[in-house]
Number of protein chains: 2
Amino acid sequence: MNYATRQRSAVQKTLEDAGRPMTPAEIWTVARSLSPGLGIATVYRALRILMDMGAVEVVEIPGAPPHYERKHPQHHHHFLCEHCQRVFEVEACTSGIDQLAPAGFTVKRHSLTLYGVCNDPACVNRPAQQAQPAVAQFAGGFR
Amino acid sequence: MNYATRQRSAVQKTLEDAGRPMTPAEIWTVARSLSPGLGIATVYRALRILMDMGAVEVVEIPGAPPHYERKHPQHHHHFLCEHCQRVFEVEACTSGIDQLAPAGFTVKRHSLTLYGVCNDPACVNRPAQQAQPAVAQFAGGFR
DNA sequence: TAGCCTCTGATAAAGCATTACCGATTTGCG
DNA sequence: CGCAAATCGGTAATGCTTTATCAGAGGCTA
């Protein structure tokens, strides 16, 4: 059986208060203020136990390390701010997404992530950065 | 300037023939038949150069290592078969996806991945596997 | 064809996130 | 309260992908 420790409660409370998916490192920095001396290993341990309990689940964001959020009953998606790198929840979904697959393909679920700028003033008033690779060629052409 | 080597052409041809995103390791196994003795380091080198040239781009799939595909002009998405783990292209997109974000959020782009079973007979005739964690509690309840 | 410069293959090393380990501490039941 | 079992913090170790290194082979221009 699991014990109810201060450390584990700190991890869970951090996720509930934030209301958005966080990385283990992100959780660690916040939860440390709730449980001084908290170790990163304990954060990982707590996350695994909370997942086994069904209280927390993993969120995989393309181009970002795994995030964790409190388990949600309803279908939802995520938004990644390209400025502050924070992930937010999007409580909406358009119908027909599962009908996009080619004929003969069966869709079980889908994952949608929006990218852009969140509503934080610090993020709104800043230009984005994204390099576009130039088109070049091999020396003697292709063979 | 870049040379047009047999190895690099093998990597590029592998991606073009497959017509779907592949992992470096996946590319390696196929491209080796086009260029015997091909090293994995060369695959990574070729991919970086092809990306700099604008001929190839990265595809980030949630829950999967980075894939690479030949660069596409048109907007599209991806499908991950949960049986064979292969990624396919989905040449379609529903409108309104970018309107899902909360007020004050600016959407620049989005990433959509479908999960299910592809149309390969070997995949269609096989049950899926996905464990569902049981719900439990701490010993003394929460604090 | 000569010769310079790039590329290759093999492998060691780097980079990172996650996990194992262990002595010390804390929890929960009786 | 008292003890057995679970958990903690700190850190070394692991696992895996990607990169650096280097001697030798190969592509390209003149």
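Numbers restart at 1 for each chain; the letters A, B, ... are given by sequence-line order, proteins then strands.
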Run the side chain to side chain contact (heavy atoms under 4.5 Å, CB included) check on B:H83 and B:C118 step by step: do they pass?
CA-CA 8 Å; B:H83 282 326; B:C118 73; over 6 Å; no
Side chain to side chain contact (heavy atoms under 4.5 Å, CB included) evaluation trace for B:V59 with B:Y68
CA-CA 6 Å; B:V59 177; B:Y68 297 82; over 6 Å; no
Between B:V87 and B:T113, does a side chain to side chain contact (heavy atoms under 4.5 Å, CB included) hold up when you go through it step by step?
CA-CA 9 Å; B:V87 176; B:T113 305; over 6 Å; no
Stepwise, does the side chain to side chain contact (heavy atoms under 4.5 Å, CB included) test hold for A:L100 with A:H110?
CA-CA 11 Å; A:L100 295 179; A:H110 64 253; over 6 Å; no
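Atom P of nucleotide D:dA6 and atom CG of A:D52 are separated by 15 Å, given to the nearest angstrom. Between the CG atom of A:L47 and the P atom of C:dA17 there is a distance of 15 Å, rounded to whole Å. In this structure, the CG atom of B:N2 is 15 Å from the P atom of D:dG27, given to the nearest Å. Counting to the nearest Å, the P atom of D:dG10 and the OH atom of A:Y44 are 16 Å from each other. Atom CD1 in B:I49 sits about 9 Å away from atom C1' in C:dT6, given to the nearest Å. Rounded to whole Å, atom P of C:dT26 lies 15 Å from atom CZ of A:R8. Atom CD in B:Q7 sits about 17 Å away from atom P in C:dT6, given to the nearest Å.
If you check D:dT18, D:dC8, D:dC28 against the side chain of B:A4, the one that comes closest is D:dC28. In this structure, of D:dC8, D:dT18, C:dT8, it is D:dT18 that holds the atom nearest to the side chain of B:P66. Closest to the side chain of B:R48, from the set D:dT19, C:dT8, D:dT7, is D:dT19. Nearest nucleotide to the A:R45 side chain, out of D:dT21, C:dT18, D:dG9: D:dG9.
Contacts of A:Q7 classified as side chain to side chain contact (heavy atoms under 4.5 Å, CB included), with partners at least two apart in sequence or in another chain: A:T5, A:S35, A:L38, A:T42. Shown here are the ring-ring contact (aromatic ring centres under 6.0 Å, His included) partners of B:H76, two or more places apart in sequence or in another chain: B:H72, B:H78. Judged as a side chain to side chain contact (heavy atoms under 4.5 Å, CB included), and not counting sequence neighbours, the contacts of A:A18 are A:R20, A:M22.
For B:R6 and D:dG27, a side-chain-to-base donor-acceptor distance below 3.5 Å is absent, hydrogens and geometry of angles not being considered. For B:Y3 against C:dT6, no side-chain N or O and base N or O form a donor-acceptor pair under 3.5 Å.
A heavy atom closer than 4.0 Å to some atom of DNA chain C occurs in A:A41, these being the qualifying members of residues 34-41 of chain A.
Within 4.0 Å (heavy atoms only), B:P65 reaches no atom of the nucleic acid at all.
Taking 4.0 angstrom as the limit, B:T42 places a side-chain polar atom (N or O) nearer than this to OP1 or OP2 of C:dG9. Within the 4.0 Å cut-off from OP1 or OP2 of D:dC8, at least one side-chain nitrogen or oxygen of A:T5 is found.
For the helix from C:dT1-D:dA30 to C:dG30-D:dC1, the angle separating the two terminal helix axes comes to 40°, with each axis derived from five pairs and the value rounded to 10°.
Side chain of A:Q85 to main chain of A:E82: a donor-acceptor pair is present (N/O by atom type, distance under 3.5 Å, no hydrogens or angles).
Screening residues 83-104 of chain A for salt bridge (charged side-chain N to carboxylate O under 4.0 Å, His left out), with sequence neighbours left out, gives A:R70-A:E89, A:R86-A:D120.
Both B:I27 and B:V56 are members of a single hydrophobic cluster when ILVMFWY side chains are connected at heavy-atom separations under 4.5 Å.
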